[in-house]
Engineer: 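Can you read through this structure? Questions will come right after.
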Amino acid sequence: MFPSLFLSFHILILPLFPQPDFLPRASAAGGKWDVLLSNIGVSAMHIQLLNNDRVVIFDRTDFGSSNISLPAGKCRNDPNDTYSTVDCTAHSVEYDVVSNTVRPLTVQTDTWCSSGAVAPDGSLVQTGGYNDGDHAVRTFRPCNDSSCDWQEINPGLIKRRWYATNHILPDGKQIIIGGRRQFGFEFYPKTSPADYKSYNLSFLVQTYDPLIENNLYPFVFLNTDGNLFIFANNRAILFNYSNRVVVKTYPIIPGGDPRSYPSSGSAVLLPLKNNSGAEVLVCGGAPKDSYVNATNGIFLPALDTCGRIRINDPNPQWVVETMPGPRVMGDMVLLPNGNVLIINGARSGTAGWEYGRDPVLSPVIYRPDKSIWSRFEVQNSSTTPRMYHSTAVLLRDGRVLVGGNNPHAYYNFTGVLFPTDLTLEAFSPSYLDSKFASSRPVIVTPVSPSVIGYGQELTIGFAVASGRIIGSLVKVTMVAPSFTTHSFSMNQRLLVLSGGNVTTSFDNTTYQIRVITPGSGILAPSGYYLLFVVYQEIPSEGIWVQIK
């Protein structure tokens, strides 16, 4: 039996807590957009937040010259490149969240439509791509100066991995699943003879649509029993990767339309809490015929439904919900308070060059704990289309970093319906509104970064400016930063920690909450997480913790 996810979550409301006259709420529709940089030099096709509050962003090497140069005298020399064998511009940058600046990075082989995950030591391990990059492994170890850059192992993979999905496993390894015309999986790093093999996965054959595929970038989540939930096309399995056995086969999602690339819906593992089981939410996508129609200039409406399923139920069934509007190529971001932000995308068409139409400019908040008829809430609109090759990722301060949009084979800034976009924006959910400042927790202890162990009691000290709280409205969350590309955030995971009670200091200015850390690497694979204290759905700024 695997360790249970959490203890029951009880908070003692002490008599010495003054009761507030009112309870401010962060549930009003809103949110705010800010342009951070007008030109980061590359299109944000792939994006990963690292534990030094810097974000690695990259696109592909054969787009042509980018808008940011490599350091003086430095060029990429690649005789296999399909566009330019000598290129003195960068195709990857490091964005510093604190200083709001970028610096160019050097990536050698083609990263187009690749995948990745952060290793337990905090390094980004990035795999596959196109052309001379399809067998490559690239690593980026974060640093606090400008000394770090990409390192490459080529070949580092057994099979060509293009449009594959990576997931961190409880032992710290990555499993790399699928890819274009690849119907199996392999592991990295390769530390044993068994790692130097690729293993068949017939499920990827069964979900393959000839000429369209519709099973690329499969949605993969580590379940609380140690197996993998794998969704591709319009169906899912629970897979024991160690024994290579399908443990459970789930029903086809109602309607039967595909949700993975190029039909490009998105998916999240909903917050894990209180032994309530694991649930997956899959939203948006495009009808099966959308891709073929788009190649002929016909852009079908995207799907406007979400499917939600409790994956550990004895007889799991999809529950279908309707979004405020259709969306394909959207991104789904787990917010620190457990809500889901659905952002970016188009109302019609599909993924692929010039195949999307009608950009969706308004994000949507999905509140999984609300009643089924009141979970969606439309937010304020951006003015920038973010469709094919766009991304979104949560930052430590609670904002969501948004970039990308390059639905062309090359950088095209004029003469096209949707020009290449090199801007970087931040969406601030309504919980960051100034009217909630007095209710926003501030973590005092532990400091960031801190190391924590499994199944231990952790005491978190925090302050709230209002000086008065209701203990039962406090929770602590841990969020695993994700590798995001092509409408899916790999390794995205949020845990609501259980605990004992909230206590206050003698002067009623600071509080403590005691929580229990996750019990094993099955629940929280070792590595870096953002830890937040949340009061009335209003999160603190996060701190970095490394669990091991």
Side-chain angles (χ1 to χ4, degrees), residues 25-36 44 47 49 55 259 264-268 270-271 281-286 301-306 308 321-349 351 356-370 374-395 397-405 418 421 423-433 436 479 482 484-489 492 494 537-539:
R25 295 182 59 83
S27 59
K32 182 170 72 76
W33 288 90
D34 294 291
V35 176
L36 301 176
I47 189 168
L49 173 68
V55 182
R259 307 285 180 144
S264 293
S266 191
V268 292
L270 291 176
L281 180 71
V282 179
C283 290
L303 303 177
D304 65 355
T305 56
C306 296
R308 180 168 167 172
E321 303 176 61
T322 302
M323 296 189 291
R327 192 181 302 251
V328 61
M329 295 180 286
D331 288 284
M332 296 172 71
V333 180
L334 289 169
L335 299 177
N337 58 11
N339 293 332
V340 182
L341 178 69
I342 307 173
I343 197 167
N344 300 336
R347 289 182 178 85
S348 57
R357 293 293 186 273
D358 307 317
V360 183
L361 300 176
S362 298
V364 170
I365 295 286
Y366 177 86
R367 291 183 165 83
D369 294 335
K370 293 282 189 180
S374 60
R375 290 174 176 159
F376 293 100
E377 188 177 78
V378 178
Q379 304 295 288
N380 288 328
S381 298
S382 171
T383 58
T384 304
R386 303 283 185 187
M387 303 196 299
Y388 192 43
H389 291 154
S390 298
T391 47
V393 67
L394 177 69
L395 299 178
D397 58 16
R399 295 178 299 164
V400 175
L401 190 68
V402 182
N405 191 52
F418 298 106
D421 192 282
T423 64
L424 203 61
E425 291 183 285
F427 176 73
S428 298
S430 57
Y431 55 58
L432 291 174
D433 193 288
F436 302 120
V479 183
S482 55
T484 303
T485 189
H486 290 76
S487 300
F488 183 52
S489 292
Q492 188 170 212
L494 186 150
E537 294 198 8
I538 303 167

Engineer: Between NE2 of His486 and OH of Tyr388, what distance do you get to the nearest 0.5 Å?
Structural biologist: 4.0 Å

Engineer: If I compare all heavy atoms of Thr383 with all of Leu361, which pair ends up nearest, and what's the gap?
Structural biologist: C-CD2, 4.4 Å

Engineer: So, for Gly356 and Phe418, which heavy atoms are closest and what is the spacing to 0.1 Å?
Structural biologist: O-CE1, 3.7 Å

Engineer: Which donor-acceptor pairs under 3.5 Å do the side chains of residues 322-334 make with protein atoms, sequence neighbours left out?
Structural biologist:
residue: Arg327; atom: NH1; partner: Asn344; partner atom: O; Å: 2.8
residue: Arg327; atom: NH2; partner: Ser362; partner atom: O; Å: 2.9
residue: Asp331; atom: OD2; partner: Asn344; partner atom: ND2; Å: 2.9

Engineer: Test of understanding: with side chain to side chain contact (heavy atoms under 4.5 Å, CB included), list the residues that count as partners of Ser374, not counting sequence neighbours.
Structural biologist: Lys370, Ser371

Engineer: Does Ser390 offer a backbone N or O that forms a donor-acceptor pair with the side chain of Asn405 under 3.5 Å?
Structural biologist: no

Engineer: What distance do Leu270 atom CG and Asn339 atom CG have between them, rounded to the nearest 0.5 Å?
Structural biologist: 10.5 Å

Engineer: Tell me whether Arg347 contacts the main-chain N or O of Pro359 through its side chain, where contact means a donor paired with an acceptor under 3.5 Å.
Structural biologist: yes

Engineer: Using 30° and 60° as the class boundaries, would you call the ring planes of Phe427 and Trp33 parallel, tilted or perpendicular?
Structural biologist: tilted

Engineer: If every non-hydrogen atom of Ala302 is compared with every non-hydrogen atom of Gly285, which pair is closest and at what distance?
Structural biologist: CB-O, 3.4 Å

Engineer: Verify, without hydrogens or angle tests, whether Tyr431 (side chain) and Pro336 (backbone) share a donor-acceptor contact under 3.5 angstrom.
Structural biologist: no

Engineer: If you measure from OG on Ser430 to CD1 on Ile538, what distance do you get to the nearest 0.5 Å?
Structural biologist: 9.0 Å

Engineer: In Å and rounded to the nearest 0.5 Å, what is the CD1 to OG1 distance from Ile47 to Thr485?
Structural biologist: 10.0 Å

Engineer: Could you go through the side-chain contact (heavy atoms from CB on, under 4.5 Å) check for Arg367 and Asn337 one step at a time?
Structural biologist: CA-CA 10 Å; Arg367 291 183 165 83; Asn337 58 11; over 6 Å; no

Engineer: Show the nearest heavy-atom pair for residues Ala392 and Ser489, with the distance to one decimal.
Structural biologist: O-OG, 4.4 Å

Engineer: Apply side-chain contact (heavy atoms from CB on, under 4.5 Å) to residues Gln379 and Ile343 and explain how you reach the verdict.
Structural biologist: CA-CA 10 Å; Gln379 304 295 288; Ile343 197 167; over 6 Å; no

Engineer: Show, in sequence, the C-alpha distance, side-chain angles and deciding distance for Leu49 and Leu394, and conclude whether the side-chain contact (heavy atoms from CB on, under 4.5 Å) test is met.
Structural biologist: CA-CA 8 Å; Leu49 173 68; Leu394 177 69; over 6 Å; no

Engineer: For Asn380 and Lys32, indicate whether the former's side chain and the latter's backbone hold a donor-acceptor pair under 3.5 Å.
Structural biologist: no

Engineer: Looking only at heavy atoms, what is the nearest atom pair of Leu335 and Val400, with distance?
Structural biologist: CD2-CG2, 3.9 Å

Engineer: Check whether any side-chain N or O of Arg308 sits under 3.5 Å from a backbone N or O of Pro368 as a donor-acceptor pair, and report yes or no.
Structural biologist: yes

Engineer: Before giving the answer on side chain to side chain donor-acceptor pair (under 3.5 Å), spell out for Arg259 and Ser487 the whole-Å C-alpha distance, their side-chain angles and the decisive distance to 0.1 Å.
Structural biologist: CA-CA 10 Å; Arg259 307 285 180 144; Ser487 300; over 6 Å; no

Engineer: Which heavy atom of Ala426 sits nearest a heavy atom of Leu36, and at what distance?
Structural biologist: CB-CD1, 3.8 Å

Engineer: Please answer whether the main-chain N or O of Thr484 pairs with a side-chain N or O of Ser482 as donor and acceptor at a distance below 3.5 Å.
Structural biologist: no

Engineer: Would you please name every residue forming a salt bridge (Lys or Arg N to Asp or Glu O under 4.0 Å) with Arg386, sequence neighbours left out?
Structural biologist: Asp421, Glu425

Engineer: Check whether any side-chain N or O of Thr391 sits under 3.5 Å from a backbone N or O of Ala44 as a donor-acceptor pair, and report yes or no.
Structural biologist: yes

Engineer: Going through the checks in order, is the side-chain contact (heavy atoms from CB on, under 4.5 Å) test met by Phe376 and Cys306?
Structural biologist: CA-CA 11 Å; Phe376 293 100; Cys306 296; 3.9 Å; yes

